[in-house]
Amino acid sequence: MPSNLKLLVGFLFLSCLSINSLKAEVKFQACEFTAKWPEEIRCGRFISNRFSETVELPFLIVGAQHKSKPILYINGGPGSQSGVSKRFLPIWQNWLDYSNVDKPLIIIDLPATGDAQPQFVCEDISAFNHWQLAAGLNKQDQLQQNYKMLKKCHQKMQVVGDFKWLNASNSASLLNDFIAQLPDKSIDVFAVSFGGRIAFELMKKNNTKINSYVLDSPYPPGRHLLNDWPELFLKSIDLIVSSCELSGCDISAEKLEKLLLENLRRLEKTPLRKQLLIDEVPQTVLLSSPMLLDMLFMALYDKQWRKLIPQALLELDQQQNQKTKTTKTKNLNYLLVQYVKFATADGFNLMTYFNMTCAAQKKNTARVFSLSKTSQLRWDNWQHYLGDESEYDVCEFWNVQPEPKSFDQPFSYSVPSLILLGENDPVIHKAWFQQFKNHQDDKVFLIESFENQGHALIEKNYCATEMMKVFWNEKGLNRNALELENTTCR
């Protein structure tokens, strides 16, 4: 676009703003529930007309108003609800008690998640998730059916409303407006997982009310979920086959990987019928090869579940071989039950997930995998069980505004930031944060070696939680205090 035309468009845009001024308003209101808790509870809604449709984001504040500056919690996902309803209150109360941080906690549903409006929930997704549990699909058939279902849902979404604006950078703009409207003079930000990616975008806004950031297992700038998939998959396989390090069993990683591949080969040929009891309700599932991989990947998010992986694979091997008449499958059944609950749970908006993911992906004209020769050979060996995703790229038809050019570009950090990472995180590589280690600004402090820890450290790891508390109690980035806490705790 010629520079003079850019200026003309800019003036027209500013003229439109003067006619239809930006409306951003925080409305406190009576909570829709009655509850007696140790902490004061306040409810409200944030309303904005920044985009094509008016957005309403419900929020919850747990903690007395007179206390020190509050913490704004930015949830991960992308697409999962933050938890602003009554049933989540015990979780937030426990979080405040466990973290022992004397601050109010602000929980807000991100755009198109939880009870936020507008959003589009496609009922076909829930029906599909329940159906495929008993369908026994191989990976290629699963990809094909999933592609058809999502394309149908996307067509419905286009009729319901305009969701093209829904991406991470625009979500950060809404949060920036929300913070500006809060009565508090300053706040701290606590973000988890993909919430950390939104927090990085929020940093670029240079909001003077934000005092500090704590980012727990954040997804960093410059990374893309789809392009990173081969690297993340191989790391997950490494974590799966090295699970004996946690459980103390004597099976080598090489033997466990061979056992996993053999189980996958058998399941691809003949899915295994399993009778489960889900919340005291009998349910039949057909354990297929893609379901086994999904179940194992799910188990990586919980240290206790990961310990069960070796025995679960041995039980599956025995049951498929019928080595004993009454094969006990306690560990396998337990992980399967957790997986079924996970796969059929509400509170996750898959349409929002693809908006966020595809908005970042659309910046790239093609998916580019960067693997070493060894990793590439290993990836090729596993490809058979992953199907050919190139035929079913959902982002090709997903109508969403791409992230801006600045989305992946380096930027200066102006406030103290503490980044917490787990060495065994299946979706975040600590090597990705080398850019922060090389950053000369002392305002960024990186902790990168929480051993045997996975994704989302706070509440799972005492040392990480204590470091967060020291970081906030010191009212800034006191490196000496953090280093002392790091050394003492470990």
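Along the sequence shown, the residues carry numbers beginning at 1. Quick note: numbers below take in every heavy atom, side chains included, and nothing from hydrogens, waters or symmetry partners. The shown structure was predicted, so the numbers you read here are calculated from the model rather than taken from an experiment.
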Between [X] and [Y], is the ring centroid distance below 6.0 Å?
| X | Y | result |
| --- | --- | --- |
| Phe190 | Tyr213 | no |
| Phe59 | Phe28 | yes |
| Trp95 | Tyr73 | no |

Parallel, tilted or perpendicular: which fits the ring planes of Tyr353 and Phe348, with parallel below 30° and perpendicular above 60°? tilted

Parallel, tilted or perpendicular: ring planes of Trp432 versus His429, cut at 30 and 60 degrees: parallel

ring-ring contact (aromatic ring centres under 6.0 Å, His included) filter on Phe354, not counting sequence neighbours, yields Trp398

For atom [atom1] of [X], decide whether the heavy atoms of other residues, nucleotides or ligands shown that lie under 6.0 angstrom number more than 12.
| X | atom1 | result |
| --- | --- | --- |
| Glu123 | CD | no |
| Lys152 | NZ | no |
| Gln383 | CD | yes |
| Lys341 | NZ | yes |

Nearest heavy-atom neighbours spanning [X] and [Y]:
| X | Y | result |
| --- | --- | --- |
| Trp92 | Ser82 | CZ2-O, 3.0 Å |
| Ala464 | Leu457 | CB-CB, 3.8 Å |
| Leu96 | Leu105 | CD2-CB, 4.1 Å |
| Lys103 | Asp188 | NZ-OD2, 3.0 Å |

Given Tyr147 and Phe397, is the ring-ring contact (aromatic ring centres under 6.0 Å, His included) satisfied, shown in steps? CA-CA 10 Å; Tyr147 181 88; Phe397 64 76; 5.4 Å; yes

Just by distance, do the side chain of [X] and the backbone of [Y] share a donor-acceptor pair under 3.5 Å?
| X | Y | result |
| --- | --- | --- |
| Ser48 | Arg50 | yes |
| Thr352 | Gly79 | no |
| Asp177 | Ala24 | no |
| Gln140 | Asp388 | yes |

Salt bridge flag under 4.0 Å for residues [X] and [Y]:
| X | Y | answer |
| --- | --- | --- |
| Lys69 | Asp184 | no |
| Glu231 | Lys235 | no |
| Arg378 | Asp238 | yes |
| Lys148 | Asp141 | no |
| Glu53 | Lys164 | no |

Rounded distance [0.5 Å steps], CE in Met467 versus CD1 in Ile458: 10.0 Å

Value for OG (Ser80) from CG (Asn349), rounded to nearest 0.5 Å, stands at 10.0 Å

Under 6.0 Å from the ring centre and within 45 degrees of the ring axis: does the NZ or CZ of Lys156 meet both conditions for the six-membered ring of Phe120? no

